[in-house]
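Everything numeric here is computed off the predicted structure, so don't read it as measured data.
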Amino acid sequence: MRDPLSAVTDAFTSFLFGKVETTRLPVRTSTGQAQAVYLPTAAPGLGDSGVIIGREVYSGKGYIYDPFQLYGQQLPAPHWLVLGESGNGKSALEKTYVLRQLRFKDRQVVVLDAQGEDGAGEWNLIAQELGITPIRLDPMAALDGGIRLNPLDPAITTTGQLALLRTIIEVAMGHGLDERSGFALKVAHAYVNETIIDRQPVLTDIVEQLRHPEPESAEAMNVDLDDVRAWGLDVALVLDRLVDGDLRGMFDGPTTVGIDLDAPLIVFDLSHIDRNSIAMPILMAIVGVWLEHTWIRPDRKKRIFLVEEAWHIINSPFVAQLFQRLLKFGRRLGLSFVAVVHHLSDVVDGAAAREAAAILKMASTRTIYAQKADEARATGRVLGLPRWAVEIIPTLTPGIAVWDVNGNVQVVKHLITEAERPLVFTDRAMTETSADMISDDLRAAEWEAEQRAALIEQQMSESSSSESTVA
């Protein structure tokens with residue numbers, strides 16, 4: 001209870017100056033009207049120029065991403081890493097992203113397609129839709145006039161040829177070349193390039209020279225000819241596998257005439273190669289270097305190099321070093337490298353941990369689909385994701401992913417148009433499970449949005465009616 005003196009003082013003050021405090025009546029309104037007063041807030045987007053991916057889950061805003069538009073302003077590098085368990089939408093994202101990028105006239109895409117079904121890679125349907133024939137690397141087909149890529153193609157510089165030969169041998173042997181073997185390879189390569197001028201040199205020429213080195217090779221180092229032959233024997237045996245072993249036919253002849261490097265989409269179909277064999281990283285190395293010297297040009301085109309099953313690259317120290325150089329080189333010429341990997345732990349704990357860390361550091365964009373809790377925590381530690389993002393990764397449903405674009409972290413639902421759907425879900429496993437799940441998820445989200453809009457409209461209508469009645 002207030003004391004009498006305070007009551008008298010307040011009464012006198014009110015008499016002289018008027019009422020000090022005003023009493024506000026409570027405001028009653030609907031949520032539909034209140035949302036215009038109390039505006040929601042959301043993380044800033046990436047701009048409105050580029051390729052539409054879908055919508056940001058929490059705000060409902062459209063999510064637009066393009067590494068070429070963002071490079072230099074919000075992105076230090078245009079390279080992109082996509083992670084996640086199978087069946088959660090990685091493949092659908094890659095395919096729709098490429099299809100949407102190709103709507104720009106200055107875009108060109110190369111895909112290393114390591115997966116497939118029924119004798120064709122999973123990008124085969126998209127290639128057919130665009131009127132493009134995939135470059136199918138198949139040892140059996142190569143023996144019968146199939147596609148060949150020559151590591152000694154004159155389009156590749158002499159230095160590039162030697163680096164590629166070393167990488168092929170080191171990948172196959174599982175360790176680096178020693179100085180003596182490296183010397184034998186170098187002199188054999190130099191001799192072949194100097195003496196064969198009427199045709200493309202091929203691997204058979206290198207193998208023959210390693211087996212039967214010239215006396216000049218020994219004299220140059222003041223050693224016996226037998227020593228040079230012994231130094232190059234292991235190298236010759238490894239290269240012989242490409243000439244007369246399980247990979248023969250694909251690399252032991254001149255490059256196939258007619259490969260269209262100006263097509264908007266170039267698909268290397270590797271689905272006939274055993275993904276768990278040593279052949280896959282060798283193929284990755286050869287195709288990567290061949291593209292570096294024949295495809296990437298200073299013509300102001302924006303190029304995308306997308307690699308399925310990219311752990312074959314990142315998990316091999318020798319192949320990773322080649323691609324690390326390609327990534328550094330490509331930034332000056334408008335190249336965006338997209339690596340698709342299932343488990344990051346397979347890479348960072350592998351034999352090429354240092355090289356993998358360097359490549360991951362270059363990937364300023366990281367998209368993470370659903371993973372198990374332990375894998376999500378490991379991924380979060382390596383990529384430096386915020387805690388809230390790590391916690392929701394195991395709960396993500398197909399088609400939804402955490403996007404980290406140089407520290408701008410958002411949860412994004414990937415949207416697929418009806419025109420894209422038949423081209424995106426190509427294999428049976430995806431069609432019968434995840435594709436249906438994503439489709440159902442999208443339909444549910446659309447239904448929910450329609451219901452929410454109808455409810456808001458109803459509330460606004462009721463509010464208007466009540467105001468009319470009061471008036």
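- When every heavy atom of P151 is checked against every heavy atom of F251, the shortest pair comes out as CD-O, 3.4 Å.
- Within the 3.5 Å criterion, the main-chain N or O of P201 finds a donor-acceptor partner in the side chain of N150.
- Note: I416 CD1 to L423 CG = 11.0 Å, rounded to the nearest 0.5 Å.
- Between the K90 side chain and the V82 main chain, no donor and acceptor come within less than 3.5 Å of each other.
- A salt bridge is absent between D48 and K61; no separation between the charged side-chain nitrogens and carboxylate oxygens falls under 4.0 Å.
- The existence of a salt bridge linking E375 and K372 is excluded, since no basic side-chain nitrogen approaches an acidic carboxylate oxygen closer than 4.0 Å.
- For CZ of R229, the number of neighbouring non-hydrogen atoms (other residues, nucleotides, ligands) closer than 6.0 Å is greater than 12.
- The main-chain N or O of Q69 is found under 3.5 Å from a side-chain atom of D66 such that the two form a donor-acceptor pair.
- Looking only at side-chain heavy atoms (C-beta outward), V267 and N124 stay at 4.5 Å or farther from each other.
- A donor-acceptor pair under 3.5 Å is absent between the side-chain atoms of S181 and the main chain of D178, judged by distance alone.
- Residues L102 and P264 approach most closely at CD2-O, 3.4 Å, considering heavy atoms.
- In this structure, E94 contributes its side chain and L306 its backbone to no donor-acceptor pair below 3.5 Å.
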Original post:
So L137 and L283, side-chain contact (heavy atoms from CB on, under 4.5 Å) or not? Walk me through it.
Top reply: CA-CA 9 Å; L137 293 173; L283 274 172; 3.9 Å; yes

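- Y369 OH to S91 OG: the interatomic distance, rounded to the nearest 0.5 Å, is 10.0 Å.
- Note that R180 lies outside the cation-pi zone of F183, set by a 6.0 Å cut-off to the ring centre and a 45° limit from the axis.
- Side-chain N or O atoms of D269 include one that pairs as donor or acceptor with a backbone N or O of G121 at under 3.5 Å.
- Judged by distance alone, the side chain of D113 and the main-chain N or O of E122 form a donor-acceptor pair under 3.5 Å.
- For the atom pair CE (M280) and CG (L270), the distance works out to 5.5 Å, reported to the nearest 0.5 Å.
- Within a 6.0 Å radius of CD1 in I52, no more than 12 heavy atoms belonging to other residues, nucleotides or ligands are found.
- To the nearest 0.5 angstrom, L149 atom CG is 8.5 Å from I156 atom CD1.
- Heavy atoms only, all atoms of each residue included: L210 and A184 are closest at CD2-O, 3.5 Å.
- Considering only heavy atoms from C-beta on, L46 comes within 4.5 Å of L70 through its side chain.
- In this structure, a donor-acceptor pair under 3.5 Å is present between the side chains of W295 and Q108.
- Judged purely by distance below 3.5 Å, without hydrogens or angles, the side chains of Q161 and H189 pair a donor atom with an acceptor atom.
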Original post:
Yes or no on side-chain contact (heavy atoms from CB on, under 4.5 Å) for L396 and V411, after CA distance, side-chain angles and deciding distance?
Top reply: CA-CA 9 Å; L396 296 174; V411 182; 4.3 Å; yes

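- We find the CG-CD1 distance between L81 and I359 to be 10.0 Å, quoted to the nearest 0.5 Å.
- Rounding to the nearest 0.5 Å gives a distance of 7.0 Å between CG of N193 and CG of L152.
- Ion pairing between K413 and E56 fails under the 4.0 Å rule for side-chain N and carboxylate O.
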Subject >> side-chain contact (heavy atoms from CB on, under 4.5 Å) between I53 and Y97, worked out >> reply: CA-CA 7 Å; I53 300 296; Y97 174 75; 4.1 Å; yes

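- For R199, the side chain to side chain donor-acceptor pair (under 3.5 Å) criterion is met by D205, not counting sequence neighbours.
- Residues I286 and I168 are in side-chain contact: their nearest non-hydrogen atoms beyond the backbone lie under 4.5 Å apart.
- Here the side chain of R366 pairs a donor or acceptor atom with the backbone of L383 at under 3.5 angstrom.
- The shortest distance between side-chain heavy atoms of I126 and V98 does not fall below 4.5 Å.
- Between the side chain of K301 and the main chain of D106, no donor-acceptor pair closer than 3.5 Å is present.
- The pair D262-R297 meets the salt-bridge criterion, since a charged nitrogen lies less than 4.0 angstrom from a carboxylate oxygen.
- Within the 4.5 Å cutoff, no side-chain heavy atoms of F323 are placed close to those of V289.
- Shortest non-hydrogen contact noted between T294 and A155 is CG2-CB, 3.6 Å.
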**OP:** Quick one: do E85 and H342 satisfy side-chain contact (heavy atoms from CB on, under 4.5 Å)? Show the steps, please.
**Re:** CA-CA 6 Å; E85 300 279 355; H342 289 284; over 6 Å; no

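- Using a 30° and 60° split on the angle between ring planes, F305 and F337 fall in the perpendicular class, above 60°.
- The residues E420 and R100 are annotated as salt-bridged, a charged nitrogen and a carboxylate oxygen being separated by less than 4.0 angstrom.
- Residues V307 and M284 meet the side-chain proximity criterion, which asks for heavy atoms closer than 4.5 Å.
- The nearest pair of heavy atoms linking A285 to L322 is CB-CD1, 4.2 Å.
- With hydrogens and angles left out, the side-chain atoms of S336 and W80 include no donor and acceptor closer than 3.5 Å.
- Across every non-hydrogen atom of F68 and R303, the tightest pair is CZ-O, 3.5 Å.
- For CD of E391, the number of neighbouring non-hydrogen atoms (other residues, nucleotides, ligands) closer than 6.0 Å is greater than 12.
- When atom types are taken as modelled, the side chain of S364 and the backbone of L75 share no donor-acceptor pair closer than 3.5 angstrom.
- Contact of the D240 side chain with the R211 side chain is registered, since non-hydrogen atoms from C-beta on lie closer than 4.5 Å.
- Listed by chain and number, the residues in a salt bridge (Lys or Arg N to Asp or Glu O under 4.0 Å) with D252 are R148 (sequence neighbours excluded).
- Side-chain atoms of H175 and V171, non-hydrogen and from C-beta on, never get closer than 4.5 Å to each other.
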